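Input: a single structure, listed below in structure tokens.
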Amino acid sequence: MNILLLGRGKTGSLVGEVARQRGHDVQVVGAAENVNCSALTAERLRDVEVVIDFTLPSCVTAHIEACVAAGKNMVVGATGWHGEADRIRKLVESHGTGFIYAANFSVGVNLFLEVARAAAAALRHDYSGQIFERHHAHKQDAPSGTAIAIQRVIREASAEDKQENLEITSFREGDVVGMHEVVLESAADRIYLCHDAKSRQGFADGAVRAAEWLAGKKGFYDFKDVWREL
Ligand SMILES: NC(=O)c1ccc[n+]([C@@H]2O[C@H](COP(=O)([O-])OP(=O)(O)OC[C@H]3O[C@@H](n4cnc5c(N)ncnc54)[C@H](OP(=O)(O)O)[C@@H]3O)[C@@H](O)[C@H]2O)c1
């Protein structure tokens with residue numbers, strides 16, 4: 001595929017490497033070449049089949065609006081915009097494009113979401129729960145999009161009359177790639193669930209495979225619902 005990759009930071013640079021290894025043509029655009037979305041006009045995007053975004057919360061919404069308006073499919077890994085997901089879904093549907101997003105494109109974290117969903121049964125048995133997340137000191141958003149996704153699946157899986165958001169505590173330190181913990185505690189015992197990313201490789205693999213999966217599709221997709229099909 002002809003891929004336009006937005007962001008050549010810690011994750012974006014690895015996404016570019018994986019995409020090239022998998023035989024795609026990749027053009028990379030950083031902040032300086034994309035002031036006010038100047039790299040995202042219909043003319044500049046004409047030959048692009050999919051745009052992959054690993055930029056920052058401060059600019060990702062503008063990128064989504066420009067690329068969708070130009071009729072381009074998108075894979076969005078940048079976080080910090082999911083509160084606007086309903087509006088973006090309508091935008092995507094009205095333009096008839098394909099869009100897939102995840103706070104975390106790694107298969108491991110998506111399996112972890114399923115483990116957390118199963119563990120939510122504890123909340124019906126006098127357990128209380130908490131979520132802890134740790135990331136590198138430069139991460140711009142808190143809590144992490146992954147922690148919010150864990151909180152949401154647990155809320156949705158807990159009893160209807162007892163739906164509550166578990167408290168999230170965020171730590172920003174050193175160069176931690178991303179660690180998420182769910183702790184469920186009763187008077188009798190304590191359950192620890194932990195996912196610890198050793199590198200960014202899982203995010204990059206998942207994002208490129210999501211772009212391949214999206215080819216020729218229309219609609220608004222959450223990666224957690226489709227990763228088993230990859
Ligand atoms: N979904 C996932 O699996 C996943 C995994 C990891 C991270 N993330 C998210 O992905 C985002 C990036 O994380 P990161 O750790 O890679 O951050 P990072 O190292 O700070 O990289 C961000 C990059 O965005 C670029 N950028 C900023 N504004 C831009 C613009 N208008 N157009 C094009 N590029 C622009 C910057 O380019 P310059 O270098 O040119 O300034 C920088 O290289 C964050 O939101 C993070 O939460 C998601």
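Both counts, for ligands and for their atoms, begin at 1 and track the order of listing. Scope of the values below: all heavy atoms of this structure, side chains included, with no hydrogens, waters or symmetry mates. Treat the numbers as computed from the prediction; the structure is a model and nothing was measured.
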When the ring centroid of Phe99 is compared with that of Trp81, is the distance short of 6.0 Å?
yes
Counting only heavy atoms closer than 4.0 Å, does ligand 1 sit against the backbone of Lys139, its side chain, both, or neither?
side chain
Ignoring angles and geometry beyond distance, decide whether Asn34 reaches within less than 3.5 Å of ligand 1 through its nitrogen or oxygen atoms.
yes
How close does the nearest protein non-hydrogen atom get to atom 21 (O) of ligand 1, and which residue and atom is it?
Gly9 CA, 3.3 Å
Could you identify the single nearest non-hydrogen protein atom to atom 38 (P) of ligand 1 and state the distance to 0.1 Å?
Ala31 N, 3.8 Å
Regarding ligand 1, does Thr11 bring an N or O atom to under 3.5 Å of one of the ligand's N or O atoms?
yes
Quick check: does Phe203 get an N/O under 3.5 Å from an N/O on ligand 1?
no
Below 3.5 Å, N or O to N or O, backbone or side chain included: is there any such pair between Lys10 and ligand 1?
yes
Evaluate Pro57 for polar contact with ligand 1, using N/O atom pairs at a separation under 3.5 Å.
no
Indicate yes or no: does an N/O atom of Leu6 lie under 3.5 Å from an N/O atom of ligand 1?
no
Kindly determine whether Leu14 and Phe203 satisfy side-chain contact (heavy atoms from CB on, under 4.5 Å), including the steps that lead there.
CA-CA 9 Å; Leu14 200 54; Phe203 313 142; over 6 Å; no
Closest approach of any protein heavy atom to atom 39 (O) of ligand 1, naming residue and atom:
Arg8 CG, 4.3 Å
salt_bridge(Glu133, Arg172) N-O dist < 4.0 Å:
yes
For a 4.5 angstrom cut-off between non-hydrogen side-chain atoms, does Leu111 reach Trp227?
yes
So, does His63 sit close enough to ligand 1 that a heavy atom of it is under 4.0 Å from the ligand?
yes
Identify which of Val35, Leu56, Thr55, Leu5 has a heavy atom lying nearest to atom 34 (N) of ligand 1.
Thr55
Salt-bridge present (Arg87, Glu65; N to O < 4.0 Å):
yes
Just to confirm my output: which protein heavy-atom neighbour is closest to atom 48 (C) of ligand 1, and how far is it?
Gly77 O, 3.0 Å
Can Lys139 and Asp141 be counted as an ion pair, charged N to O under 4.0 angstrom?
yes
Give yes or no for whether the N/O distance cutoff of 3.5 Å, strictly under, is met between Ala32 and ligand 1.
no
If we number the atoms of ligand 1 from 1 as shown, the ones under 4.0 Å from a heavy atom of Phe105 are 1 (N), 2 (C), 3 (O)
Minimum-distance protein heavy atom relative to atom 46 (C) of ligand 1:
Thr79 OG1, 3.8 Å
Just to be sure I read this right, does ligand 1 sit under 4.0 Å from the backbone of Ala103, its side chain, both, or neither, counting only heavy atoms?
backbone
For Lys217, does the NZ atom sit with more than 12 other heavy atoms under 6.0 Å from it, leaving out its own atoms?
yes
Please list, in number order, the atoms of ligand 1 under 4.0 Å from a heavy atom of Val29.
33 (C), 34 (N)
Non-hydrogen side-chain atoms of Ile52 and Leu6 separated by less than 4.5 Å
no
Arg8 vs Glu33 side-chain heavy atoms within contact, under 4.5 Å
yes
Other residues, nucleotides, ligands: >12 heavy atoms within 6.0 Å of Asp189 CG:
yes
Pull out every atom of ligand 1 sitting under 4.0 Å from any heavy atom of Gly7, numbered as shown with elements.
24 (O), 25 (C), 34 (N)
With clusters defined by side-chain heavy atoms of hydrophobic residues (ILVMFWY) lying less than 4.5 Å apart, directly or transitively, does Val183 cluster with Val176?
no
pair Cys67-Leu40: side-chain heavy atoms closer than 4.5 Å:
yes
Subset of ligand 1 atoms that lie under 4.0 Å from at least one heavy atom of Ala102
1 (N)
Atom 28 (N) of ligand 1 - nearest protein heavy atom and its distance:
Cys59 SG, 3.4 Å
To the nearest 0.5 angstrom, please state how far the NE2 atom of His180 sits from the CZ atom of Arg134.
11.5 Å
